[in-house]
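The sequence lines fix the lettering, A, B, ..., with proteins before strands; numbering per chain opens at 1.
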Amino acid sequence: MTNDSSIRLGLCCIFRDQPIRFRNTTVKSISSMERDAALSKLAGLCLANAEALLASLEFCADNGISCFRINSQILPLKTHADCGYDVLDLPDGVEIVRRFKACGEYARDHALRTCFHPDQFVVLNSPRPEVVDRSIAELEYQAEVAEWVGADVVNIHGGGAYGDKPDALARFAQTLKRLSDRARNRLTVENDDTTYTPSDLLPLCQSEGIPLVYDVHHHRCNQDDLSVEEATAAAISTWNRRPMFHLSSPIEGWKGPKPQRHHDFIDVQDFPDCWRGLSLTIEVEAKAKEVAVLRLKKQLTERGFV
DNA sequence: AGCGGTCAAGTTGAT
DNA sequence: ATCAACTTGACCGCT
């Protein structure tokens, strides 16, 4: 069984070939409707997304994919200033929650890990208070769904530098105090490809007890004084549970014009040798989605890496 | 039914 | 100054 092996692979959010699709809508559409009609529409989307999530988890369990990242719009427009809503105010709100909790039971029964990755608009260290407020609201929403489905990771980036990284990271640490326990206990931070390297983030991780999601592709694009081996070891030490790492390959090779962009598939050469034999969850960030995860899994198996 | 323009949000860096 | 990039195409109004 693949779930017994030490390297476990994760799929990010969507499928290329499988007929599993998540629904969404637009502010323009919801705003144009009467409130009751809008809430009915949103409820339908939430119910459909809970079903799509269960289908996603079933595919992962059936194909030896051990982790699934849940997209940020799983409850569409949940935190929008005008269109936002409490789930229990939706028609079928109780049923929506019940279906997400059923996803959590399925994941637990099949040893599947789940996680969230709030997108670039979540910036805990912004100097703009309204940006921080919206970011906290988004984290609290994703943490609520994470609790229903048993996701143990809500992963974000360090945010902006604003010309002074230490100052910006100090603001990040201050903002953590405003999070609920359920958001704070799931929060992780990831090195990015333009601003924060593993070296930048590790002191924050250590002082605040936040695990570092080590993205080796970002690290290769945005280097610091640490080798891949050193960053790997340091990142692992920040985790009180199975570490989660990210892996991707450059779209046109490392000598191409934009190596930070992701390829459809993973070049197995980009899989760090030093990860071999470690107990890790590796989220595969590749545009071919489940097809790429399964291809990498096969290649790693052939090489005896898993 | 099919087509094409549009889509909540932040920040950085390339052009 | 504009815009692409970031985990990803999907939605919706028009014909």
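- Rounded to whole Å, the P atom of C/dT8 lies 32 Å from the corresponding atom of B/dA1.
- C/dC12 and B/dA8: their P atoms are spaced 10 Å apart (whole Å).
- A centroid separation of 6.0 Å or more is found between the aromatic rings of A/Tyr214 and A/His246.
- For the P atoms, the distance linking B/dG13 with C/dT7 amounts to 16 Å, nearest Å.
- Using a 4.0 Å heavy-atom cutoff across all strands shown, A/Asp193 reaches no nucleic acid atom at all.
- When the C1' atom is compared between B/dC7 and C/dC6, the two are found 16 Å apart, to the nearest whole Å.
- Both key distances under 3.5 Å define a Watson-Crick or G-U pair, and stretches of 3 or more such consecutive pairs in DNA chain C run B:1-7 with C:9-15, B:10-15 with C:1-6.
- Using a 4.0 Å cut-off on heavy atoms, the residues of residues 280-294 of chain A that approach DNA chain C are A/Glu285, A/Lys287, A/Lys289, listed by number.
- The aromatic rings of A/Trp275 and A/Phe245 sit tilted relative to each other, their planes meeting at an angle between 30° and 60°.
- Using atom P as the reference point in both C/dC3 and B/dG5, the two lie 16 Å apart (nearest Å).
- The side chain to side chain contact (heavy atoms under 4.5 Å, CB included) test with A/Cys115 singles out one residue from A/Val153, A/Asp152, A/Val149, and that residue is A/Val153.
- Regarding A/Phe121, its CZ atom lies at a distance of 13 Å from the C1' atom of C/dT8, rounded to whole Å.
- Residues from residues 18-30 of chain A placing a heavy atom under 4.0 Å of any atom in DNA chain C, listed by number, are A/Arg21, A/Arg23, A/Asn24, A/Thr25, A/Thr26, A/Ser29.
- Between the P atom of C/dA10 and the CG atom of A/Leu45 lies a distance of 14 Å, rounded to the nearest Å.
- Side-chain nitrogen and oxygen atoms of A/His218 include at least one within less than 4.0 Å of the OP1 or OP2 phosphate oxygen of C/dT7.
- For the pair A/Leu42 and A/Leu90, the minimum side-chain heavy-atom distance is below 4.5 Å.
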Sort me out a list of protein N/O and nucleotides 3-5 of chain C N/O pairs below 3.5 Å, or just none if empty.
from: C/dA5; atom 1: OP1; to: A/Arg261; atom 2: NH1; distance (Å): 3.1

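- Ring centroids of A/His117 and A/His157 are separated by less than 6.0 Å, placing the two rings close together.
- Among the protein residues, A/Cys12 comes within range of no part of the nucleic acid, since none of its heavy atoms lies under 4.0 Å from any strand.
- Annotation: cation-pi geometry satisfied between A/Arg171 and A/Tyr162 (NZ/CZ under 6.0 angstrom from ring centroid, within 45° of ring axis).
- If A/Ile14 and A/Ser32 are placed on DNA chain C by their nearest nucleotide, the residue sitting closer to the 5' end is A/Ile14.
- Counting any heavy atom pair closer than 4.0 Å across all strands shown, A/His246 reaches no nucleic acid atom.
- Among the protein residues, A/Gln73 comes within range of the nucleic acid bases, having at least one heavy atom under 4.0 Å from a base atom.
- Nucleic acid contact class of A/Ala81 (heavy atoms, under 4.0 Å, all strands): none.
- A salt bridge is defined here as a Lys NZ or Arg NE, NH1 or NH2 lying under 4.0 Å from an Asp or Glu carboxylate O, and A/Arg69 with A/Glu285 meets this definition.
- The span of DNA chain B lying next to chain A, judged by atoms under 4.0 Å from heavy atoms, is bounded 5' to 3' by B/dA8 to B/dG13.
- Rounded to an integer number of Å, the gap from CG of A/Asp192 to P of C/dT7 is 9 Å.
- For DNA chain C, none of the residues of residues 130-143 of chain A falls under the heavy-atom distance limit of 4.0 Å.
- In this structure, A/Asn222 atom CG and C/dC6 atom C1' are separated by 14 Å, rounded to whole Å.
- For the pair A/Arg178 and A/Asp133, the salt-bridge criterion is met [side-chain N within less than 4.0 Å of a carboxylate O].
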